Amino acid sequence: MAVLTSDEVREIRRSGRCDLSNRRLTALPPEIGQLTSLQELTLDGNQLTTLPPEIGQLTSLQKLVLYRNQLTTLPSEIGQLTSLQELWVGRNQLTMLPSEIGQLTSLETLGLAENQLTMLPSEIGQLTSLQKLFLDGNRLIALPLEIGQLTSLRELTIDGNRLIALPLEIGQLTSLQELRLDGNRLTALPPEIGQLTSLYQLVLYRNQLATLPAEIGRLTSLRELWLDGNRLTTLPAEIGQLTNLRELMLAENQLTSLPAEIADQLDNGLIVNLNGNPLEEPLPELLQQDSRAVAVYLRSLGDGIAQYEAKVLLIGEGNVGKTSLSAALRGDAFVEDRPFTHGIEIQPIVLRHPDAGADMTIRVWDFGGQEVYRITHQFFFSRQALYLLVWKPREGQEQNEVEGWLRRIRLRVGPDAQVLIVATHCARNQHPDLDYPHLQREFPHMLVGNFEVDNRTCHGIQELRDAIAEQVARLPQMGQKISFRWVAVRDEIAEMTQMQPQMSFLDFTVLCQRHHVGDDETGTLATLMHDLGQIIYYGADEGLQDFVVLNPEWLTKAISYVLRDDATRYSGGVLDHVRLREIWQDRQDGPGYPARYHRYFLRLMEKFDISYRLDDEQSSLVAQLVPYQRPNLPWDSRTPLPGRLRRLALVCQLGEPAPGLMAWLTVRHHAAATGKHWRTGVFLRHPIPAYNSEALLELTAPAQLAVEVRAPSPDLYFHVLSDSIETLIRSRWVGLTYQLLIPCPTVTIDGNRCPHLVSMEDLLAYREEGETRYLCAKCRVRHDVSVLLTGFPVPAQPMAAEMQQQLVRVENRLIRIESQAADTAAVIRRVLRVVSTEVGDCPNLFTLRGDRQTGDKLRQLYRHHYRLTLWCSQPGYWHPWDHATYQINPPKEWFSKISPYVALIVKTLQLAVPLAGSIAIASLPADQVEKAAAHLEMMKTIVDDLPGQPIKELVDVDPRLVADQITAAEGEALRALRALIFEHDPLRKFGGLRRVQAPSGDFLWVCPNHYTEYDPGLPAVP
Ligand SMILES: Nc1nc2c(ncn2[C@@H]2O[C@H](COP(=O)(O)OP(=O)(O)OP(=O)(O)O)[C@@H](O)[C@H]2O)c(=O)[nH]1
Ligand SMILES: [Mg+2]
Ligand SMILES: [Zn+2]
Ligand SMILES: [Zn+2]
């Protein structure tokens, strides 16, 4: 045979195997038929367009691999290969199969992926030994009914075809364990799907399913159900019968709620992904808490009743007639010379629902319009409410005034806030001058009406009332069901707020019990009421967990007294705690606040990012009151960069000024405080000295925030800060648009910087396209794109190589150590960030070691007893936390399942735990480093024994190369780990590890020692 040497032929005869892969063969010689003893023939990766009929003579053939060729058909003689067990014809150009394929009755595996099949012959049904059938990436529109005869089938993969329906006969495949149908055009599933009781994985994402049949509930072996990207609006209650379900993927559907029947599964750790669904309140808030909170809520709906309630907010300048309007809407008499409103007054009115035949209770929030209330009142601008923007037509600037308020609403609530504009003091036939069409253009989705009223004569009031009724009736929560017990709690609290503005959590629990709200529900309800702005309660805070503020306005008023305190302002924002009595207790202008609350208030101010405690614990810094004057700084953007440092700079261009931004940043980053802060800026130093990183944050214009970081390796701190700014904007000002720009680094002759800014997006596009240089349009200097983005001239190089070079050059040992520490931290941060978006409710850093009793037989350990220890993930101080140790005896399969994640963690921990001898870069005390290293070493011993690929390239990770997503295998492994931890720790105590949010927005699991950095408890107040 021409393609084989005689030696090869001899060898083939001897072994029964022939491997001709990747030989560029365009045809097989007919002589192939003479190799009748051949059992295995591999022709992978050639250019075959047909097979000779003689192939049929290879009657001993058990495995035939034709993967990656150009076959358009298979010869009918293929049917003679009756010993064939595996046939792989993936990635060819088959448009049809010969009917003789049905004669391959020994066939167990048939791989036909990525061909151009539009239909299958009915004879396929004769392959009764078939266990695995791969048909992904073809053009199948339908499956033959005979598919139902493949009763040995365990795995069926048909993703990426054009199926619009499944035959009912699919129900006969009762051995099927995995069924993959993603990327088809299915609009419904046949009820017969319920007969697939061996199924454990059902993949249906990216189809057009609008409903699921109730019979899905019979798939009691099912562990994973993937339904992302369909058109589901509801789930059948029967989904609750899938008691083995571990993962329910529902992202990007049209779901507004979940069936109460899945509450138990949620309690047992079912992972539900509901991103991108139009969920009803309060599900989004509850999903932020955790899945058990969702379970509590779903169960509470058992006694739910429809609620017809809404919130209407009256806002506008002082003295324009808001309180008078509120009175007129209620039908109360007009009052001349009304006093100012202090704080907020809440009054109910009842309006008829325009078509539901029910009365709606509307709580009207009347805000005091004086300037001093502005900062604190914006906390109460809630979504899901109707805004009445009240103004008084006079000479002058009203148009600006109205626009200003619309902006303020949009900033806090977002561009889809609903606003009615109401002009007061308008007698009949008197029409104020307001350019409403212009406002409609400026705020396209916000304005729902423009009214003119007179509160004295009640002109226009009835029309306004009707318009309010019509608008609130459209709010999404109108008519929604809520447990009547929960409603009773909420109503009782609303009643008592004027008399009693706060209570202990214990009293809150008692109140709940009175309305039959059980202990299991109380925490969830309290947190939910907090999220919805009805009370203030921080259940996870050591100092505040026992303090419930029933009347939020009572608290914000106390805070505004501090913000208006002249003495604090004169002392540069430093609030001496001794003064608190004066500020809060001994008020001339109204009732004061008893001293016993002062510690709570101070702690709440910290929670609101208004102040932080200074080192002496005797005073706090109120960041909104720091001096305007910028102090002397170690450097600013004009200072030349010392040779051993690199810089990264960024300008965040805001759509409009964000009041309080700098103050909030100052408080959030107080761990990095240097004592240099002013009204429009702050100078920070990273708290870990080894990183030697400094940062200047400054508002260079009211809506322009400049950030510059200087360090041997600035990447870590730069990203921590820019992430923190983005997190802050997204959580505080949903309606604020912003753009990230990179300043041109050219220094002009006069020592200033070139003022040109280039968008980060553009630079990233440059980099993606492989453009290394960027030409500044202003100063005409070319800059290295990579320097602008990363601070380093060379595009991403594996860190080890970079270190090696530096070792050779040994310029300055210190620089090497500093940049290594910070780079390492940057890698770890990115990995953990990505991981925690996959699984947020469970610590995810861990080590495994063999149990001591059998410690001498390390080699066989992985079959028996292990200890799994979770780690504290405090940045820079990663360490094992012995109290979170679980004794586990998982089956072998579990190890192969989690090994992709184990590999990721070992790689990450190798960076976190410095090798012996380079302790200088560790922030942990030496003994702890040793311990951490010992944990890791033991983990590596186990990992080496694991089935699967060994973990090779361990250290060479570059921070800039860490993917922003983990792989599907890593994700699956991570979820398997989570399931095991939950199994061993049903109360989810994690040995005292607690979840906190760092200023950067990252969620971390930290040990009690590190927890105090995030939650220092109540301050001592004189
Ligand atoms: N003629 C006339 N007088 C009005 C009208 N609305 C309010 N007033 C008077 O204007 C004054 C201010 O009205 P308020 O309702 O207290 O104004 P406000 O917006 O609540 O003021 P703040 O609480 O300070 O924000 C009062 O003396 C009212 O009597 C109106 O439509 N026509
Ligand atoms: Mg008022
Ligand atoms: Zn320039
Ligand atoms: Zn710790």
Side-chain angles (χ1 to χ4, degrees), residues 44 61-69 71 73-74 78-79 81-184 186 189-190 192-193 195-204 207 219 221-222 224 226:
D44 175 14
L61 208 58
Q62 293 173 8
K63 179 172 175 180
L64 176 57
V65 182
L66 293 160
Y67 193 67
R68 288 193 294 139
N69 276 282
L71 301 171
T73 54
L74 294 176
I78 197 114
L81 304 178
T82 47
S83 305
L84 207 59
Q85 294 170 6
E86 289 181 47
L87 176 56
W88 296 95
V89 208
R91 288 229 194 153
N92 278 278
Q93 276 139 39
L94 302 179
T95 50
M96 54 185 297
L97 296 176
S99 56
E100 290 77 5
I101 195 118
Q103 297 161 17
L104 303 178
T105 47
S106 304
L107 207 59
E108 291 172 3
T109 305
L110 177 53
L112 293 164
E114 297 183 59
N115 279 284
Q116 281 150 34
L117 301 171
T118 49
M119 54 180 293
L120 299 175
S122 58
E123 289 77 5
I124 198 129
Q126 296 161 16
L127 303 177
T128 46
S129 304
L130 204 62
Q131 295 178 10
K132 297 183 183 183
L133 177 55
F134 300 99
L135 289 161
D136 42 305
N138 279 284
R139 297 175 184 177
L140 300 173
I141 301 164
L143 297 175
L145 314 184
E146 291 76 8
I147 196 114
Q149 297 162 18
L150 302 179
T151 47
S152 304
L153 210 58
R154 283 189 283 125
E155 200 178 325
L156 178 56
T157 301
I158 326 181
D159 52 88
N161 278 275
R162 297 170 186 180
L163 300 178
I164 44 176
L166 296 177
L168 314 184
E169 289 73 9
I170 195 112
Q172 296 161 16
L173 303 179
T174 48
S175 305
L176 208 59
Q177 295 176 351
E178 293 172 45
L179 177 55
R180 277 184 288 271
L181 288 160
D182 47 294
N184 279 283
L186 301 174
L189 297 177
E192 287 74 8
I193 197 111
Q195 297 162 17
L196 305 180
T197 48
S198 306
L199 211 58
Y200 74 80
Q201 189 190 52
L202 177 55
V203 183
L204 287 160
N207 275 282
L219 303 179
S221 304
L222 206 60
E224 295 172 28
W226 295 77

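Residue numbers start at 1 and run along the sequence shown. From a predicted model like this one, the values you see are computed outputs, not experimental measurements.
- Note that the CH2 atom of Trp88 and the CG atom of Leu110 stand 9.0 Å from one another [nearest 0.5 Å].
- Residues meeting the side-chain contact (heavy atoms from CB on, under 4.5 Å) test with Lys132, sequence neighbours left out: Thr109, Phe134, Glu155.
- Sorted by first and then second residue, the salt bridge (Lys or Arg N to Asp or Glu O under 4.0 Å) pairs with a member in residues 105-114 read Arg91-Glu114; sequence neighbours excluded.
- With sequence neighbours excluded, the residues forming a side-chain contact (heavy atoms from CB on, under 4.5 Å) with Gln172 are Glu169, listed by chain and number.
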Could you pull out every donor-acceptor pair under 3.5 Å between side chains of residues 135-142 and any protein atom, sequence neighbours left out?
unit_1: Asn138; atom_1: OD1; unit_2: Asn115; atom_2: N; d: 3.1
unit_1: Asn138; atom_1: OD1; unit_2: Gln116; atom_2: N; d: 3.3
unit_1: Asn138; atom_1: OD1; unit_2: Leu117; atom_2: N; d: 3.0
unit_1: Asn138; atom_1: ND2; unit_2: Leu112; atom_2: O; d: 2.9
unit_1: Asn138; atom_1: ND2; unit_2: Leu135; atom_2: O; d: 3.0

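- Shortest non-hydrogen contact noted between Asn161 and Ile158 is ND2-O, 3.2 Å.
- With rounding to the nearest 0.5 angstrom, the CG atom of Leu130 is 11.5 Å from the OG1 atom of Thr105.
- Judged by distance alone, the side chain of Ser106 and the main-chain N or O of Thr82 form a donor-acceptor pair under 3.5 Å.
- With Ser198 contributing its side chain and Gln177 its backbone, the two residues share no donor-acceptor pair below 3.5 Å.
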Report, one line per pair, each donor and acceptor closer than 3.5 Å where one atom sits in a side chain of residues 118-125; sequence neighbours left out.
none

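- Sorted by first and then second residue, the ring-ring contact (aromatic ring centres under 6.0 Å, His included) pairs involving residues 151-172 (not counting sequence neighbours) form an empty list.
- For Asn184 (side chain) and Asn207 (main-chain N/O), no donor-acceptor pair under 3.5 Å exists by modelled atom type.
- Judged by distance alone, the side chain of Asp182 and the main-chain N or O of Asp159 form no donor-acceptor pair under 3.5 Å.
- With Leu179 as the partner, the side-chain contact (heavy atoms from CB on, under 4.5 Å) test is satisfied by one option alone out of Leu173, Leu153, Leu156: Leu156.
- A donor atom on one side chain and an acceptor atom on the other are found under 3.5 Å apart for Arg154 and Gln131.
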